[in-house]
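Okay, so here's the structure we're looking at.
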Amino acid sequence: MAPTMYQNQIQLEVCDGDTFKLAVDHGKTYLLRLIDVAMQDILFVIVNHQVMVVSTDASYTKPLMVDYISIAPGQTIDVLLEANQPKDHYYMAAKVYSSTAGVTYDNTTTTVLNQYKGRYTPSSPPLPYLPYYNDTAALVNFTGRLRSLARGDHPISVPQNVTHKFLFTVSVNTFPCANDSSARLNGSRLAASVNNISFVSPSIDILQAYYYRIKGVYGNRFPSEPPLKFNYTADYLPLALETPQNGTEVKVIEYNSTVEMVLQGTNVVARTDHPMHLHGTSFYVVGWGFGNFDKKRDPKNYNLVDPPLQNTIAVPKNGWAAVRFQAFNPGVSFMHCHLERQLSWGIEMAFIVKNGPTPDS
């Protein structure tokens, strides 16, 4: 993972090829900023030490003591490490979370040494224990406990009344290859989609096309709900659901609109998690669950008091996540999966937020 670390506000570089040693003074507390620069979700632990989560995606959280961290690609998490154990050497360790069955992954556990200063004979560092590589329960057990700080000096503004409600499916798909040219996947190639539309990157920038009113670059009919409704998380799904549409469609919304967006994972082709990232604004993660989202039942359990403010949310395998945000940043906001391979397959879309009424908006 090569996390970036801060000790007394001094950045310490982690160099590939070396086992980095973080020298700590017993009794001091250190701020570590973890940044997942990998192409997978990462599980992170410091042997024999709990850490206190204080921030995610640059937004303060209520202090949360944890034994391990789950972090999505592109996400940042700030934790406080208290050097309160007997002086010795302790591993910091990280490994990949990979929920898709039958897909090869790098099962390496990368390590850093948390090394206490002083004169002593170090013991052999105990090996780290991390949740199993596909332990989805461990993943959501961490993310589901995050809460915004939400107090007088750090207020939050969760949209209570929404003007737009969207349900977006996020899926792995396939496209048939010409003349069955692929020997894999029964003559198909992998694709991915949001609401059954596999995004096609235009040759002209969408913002440029919107600003200069260039026609034919994108469409503005991105569906608010899945065009095909089915049991999204069923164990077995018809092959007819595997092929999406190609398109460059956007969702146009008014300035200062309040949006509720439910991201529903599906088991089309591959049941897996999807770390979804939104450019242009952060969002409040107000709910999540397993199975299919129920619009009558599930909103009753939303956290509208102190949900975490993030810009990346890991939609769990066989599940969904609900977010709310206010559209106060005019222009084009790109949303996509932070798994690079799925981004290249088309699991992305864009919002266009119209200009506001004032020069500043």
* Say whether, by atom type as modelled, one donor and one acceptor occur between the side chain of Thr19 and the main chain of Val112 under 3.5 angstrom. => no

* To do: Count the heavy atoms of every other residue, nucleotide or ligand shown that sit under 6.0 Å from CD of Gln245, and state whether that count exceeds 12.
  => no

* For the atom pair OG1 (Thr110) and OH (Tyr91), what is the distance rounded to the nearest 0.5 Å? -> 11.0 Å

* Asked: Sub-3.5 Å donor-acceptor pair from the side chain of Asn303 to the main-chain atoms of Asp306, do we have one?
  -> yes

* To do: Calculate, to the nearest 0.5 Å, the distance between atoms OG1 and CG belonging to Thr174 and Leu239 respectively.
  => 8.5 Å

* Inspect the surroundings of NZ in Lys165 and state if more than 12 heavy atoms from other residues, nucleotides or ligands are less than 6.0 Å away. => no

* Is the closest side-chain donor-acceptor distance between Glu242 and Asn173 under 3.5 Å? -> no

* To do: Take Tyr210 and Tyr218, measure what ring pair (Phe, Tyr, Trp, His ring centres under 6.0 Å) needs, and give me the verdict at the end.
  => CA-CA 9 Å; Tyr210 174 66; Tyr218 64 87; 7.0 Å; no

* Asked: Between Tyr129 and Tyr68, is the ring centre distance below 6.0 Å?
  -> no

* Asked: Going by atom types only, do Tyr133 and Ser99 share a side-chain donor-acceptor pair under 3.5 Å?
  -> no

* Asked: Quick check: are there more than 12 heavy atoms from other residues, nucleotides or ligands sitting under 6.0 Å from OH of Tyr60?
  -> no

* **Pair Tyr302, Glu260: side-chain N/O donor-acceptor within cut-off below 3.5 Å** => yes

* To do: Measure the spacing between CG of Asp360 and CZ of Phe328 and express it to the nearest 0.5 Å.
  => 14.0 Å

* To the nearest 0.5 angstrom, please state how far the OH atom of Tyr120 sits from the NZ atom of Lys87. => 8.0 Å

* Sub-6.0 Å ring centroid separation between His89 and Tyr116 -> no

* Sidechain N-carboxylate O distance under 4.0 Å for Lys317, Asp273 -> no

* Asked: Can you say whether the rings of His279 and His277 are parallel (under 30°), tilted (30 to 60°) or perpendicular (over 60°)?
  -> perpendicular

* Determine, for Asp235 against Arg271, whether the closest basic-nitrogen to carboxylate-oxygen distance falls under 4.0 angstrom. => yes

* **Pairwise distance CD1(Ile313) to CH2(Trp320) - rounded to 0.5 angstrom** => 10.5 Å

* Does any N or O in the side chain of Thr56 come within less than 3.5 Å of the main-chain N or O of Ile77, such that one atom is a donor and the other an acceptor? -> no

* **Side chains of Thr233 and Asn318, donor plus acceptor under 3.5 Å** => no

* For Asn195 and Thr169, indicate whether the former's side chain and the latter's backbone hold a donor-acceptor pair under 3.5 Å. => yes

* Test side-chain hydrogen bond (donor to acceptor under 3.5 Å, both in side chains) applied to Thr108 and Asp106, step by step -> CA-CA 6 Å; Thr108 303; Asp106 186 345; 2.5 Å; yes

* To do: Test Asn301 against Asp298 for side-chain hydrogen bond (donor to acceptor under 3.5 Å, both in side chains), laying out the working first.
  => CA-CA 6 Å; Asn301 297 317; Asp298 291 323; 4.9 Å; no

* To do: Please check if atom CZ in Phe290 has more than 12 non-hydrogen atoms from other residues, nucleotides or ligands closer than 6.0 Å.
  => yes

* Are Glu249 and Arg221 within salt-bridge range, i.e. N to O under 4.0 Å? -> no

* Under the 3.5 angstrom rule, does the side chain of Tyr232 hit a backbone N or O of Gly291 as a donor-acceptor pair? -> no

* Can you measure from CZ (Arg145) to OG (Ser70) and round to the nearest 0.5 angstrom? => 11.0 Å

* With a 6.0 Å cut-off on ring centres, are Phe222 and Phe168 close enough? -> yes

* **Backbone of Ser123 reached by a side-chain donor or acceptor of Asp88 within 3.5 Å** => yes

* Asked: Will you find, in the side chains of Asn256 and Gln326, an N or O donor that is under 3.5 Å from an N or O acceptor?
  -> yes

* Check: His274/His338 side-chain N/O donor and acceptor closer than 3.5 Å -> no

* Mark yes when over 12 heavy atoms from residues, nucleotides or ligands other than Lys295 sit less than 6.0 Å from its NZ; otherwise mark no. => no

